[in-house]
Amino acid sequence: MTILKCSATTCLYNEDMLCSRGEIDVMGESARKADETSCGSFREKSESAMNSAKNGCGCETIQIDCKAHNCTYNEHCKCTAAAIDVAGSGAKACSETKCDTFECQC
């Protein structure tokens with residue numbers, strides 16, 4: 001599994017810069033740069049969402065399904081990078097996040 005650091009502190013699943021979801025989806029099917037990727041699992045924290053979601057502890061290693069087909073680390077839609085950074089400080093939607101580790105093989 002991949003080590004994940006996440007700066008999307010507005011995400012419901014962010015626990016101390018780690019992800020409490022257990023797995024995430026990196027989007028960006030035809031991405032050629034990091035800004036064209038996003039965390040498809042991002043959900044903005046809100047009062048109602050926090051009351052209905054069970055937040056566990058943040059995980060340092062995580063399963064990452066990757067739809068960024070041009071990424072060097074994508075192997076059969078799974079991330080093979082040793083570690084990734086999901087950026088998105090202040091994000092209000094998944095489109096405001098990105099995989100900072102994305103590296104185009106193009």
Side chain [X], main chain [Y], donor-acceptor under 3.5 Å:
X     : Y      : value
Ser20 : Tyr13  : yes
Thr72 : Glu103 : yes
Ser7  : Gly88  : yes
Thr37 : Gly28  : no

Is any side-chain heavy atom of [X] less than 4.5 Å from a side-chain heavy atom of [Y]?
X     : Y     : answer
Cys79 : Ile84 : yes
Lys67 : Val26 : no
Met17 : Cys6  : no
Cys19 : Ile24 : yes
Asn74 : His69 : yes

Is Asp100 salt-bridged to Lys98, going by a charged N under 4.0 Å from an acidic O?
yes
Looking at [X] and [Y], what are the two nearest heavy atoms and their distance?
X     : Y      : answer
Ser41 : Glu23  : OG-O, 4.2 Å
Gly58 : Glu15  : N-CB, 3.6 Å
Arg32 : Cys104 : O-CB, 3.5 Å
Cys39 : Val86  : CB-CG1, 4.1 Å
Ser38 : Cys94  : CB-O, 3.1 Å
Ala83 : Thr101 : O-CG2, 3.6 Å

Tell me which one of Ile62, Thr61, Asp85 satisfies side-chain contact (heavy atoms from CB on, under 4.5 Å) with Leu4.
Ile62
Interatomic distance, CZ@Phe102 vs CG@Asp35, rounded to 0.5 Å, equals 10.5 Å
Could you tell me the separation between the CE atom of Met27 and the SG atom of Cys66, rounded to the nearest 0.5 Å?
9.5 Å
Those residues at least two apart in sequence (or on a different chain) that pass side chain to side chain donor-acceptor pair (under 3.5 Å) with Lys5 are Glu60
The test is side chain to side chain contact (heavy atoms under 4.5 Å, CB included); show your working for Phe42 and Thr10 and say whether it passes.
CA-CA 9 Å; Phe42 175 90; Thr10 55; 3.7 Å; yes
Applying side chain to side chain contact (heavy atoms under 4.5 Å, CB included), run through Cys77 and Asp65 and close with a yes or a no.
CA-CA 6 Å; Cys77 294; Asp65 291 334; 6.0 Å; no
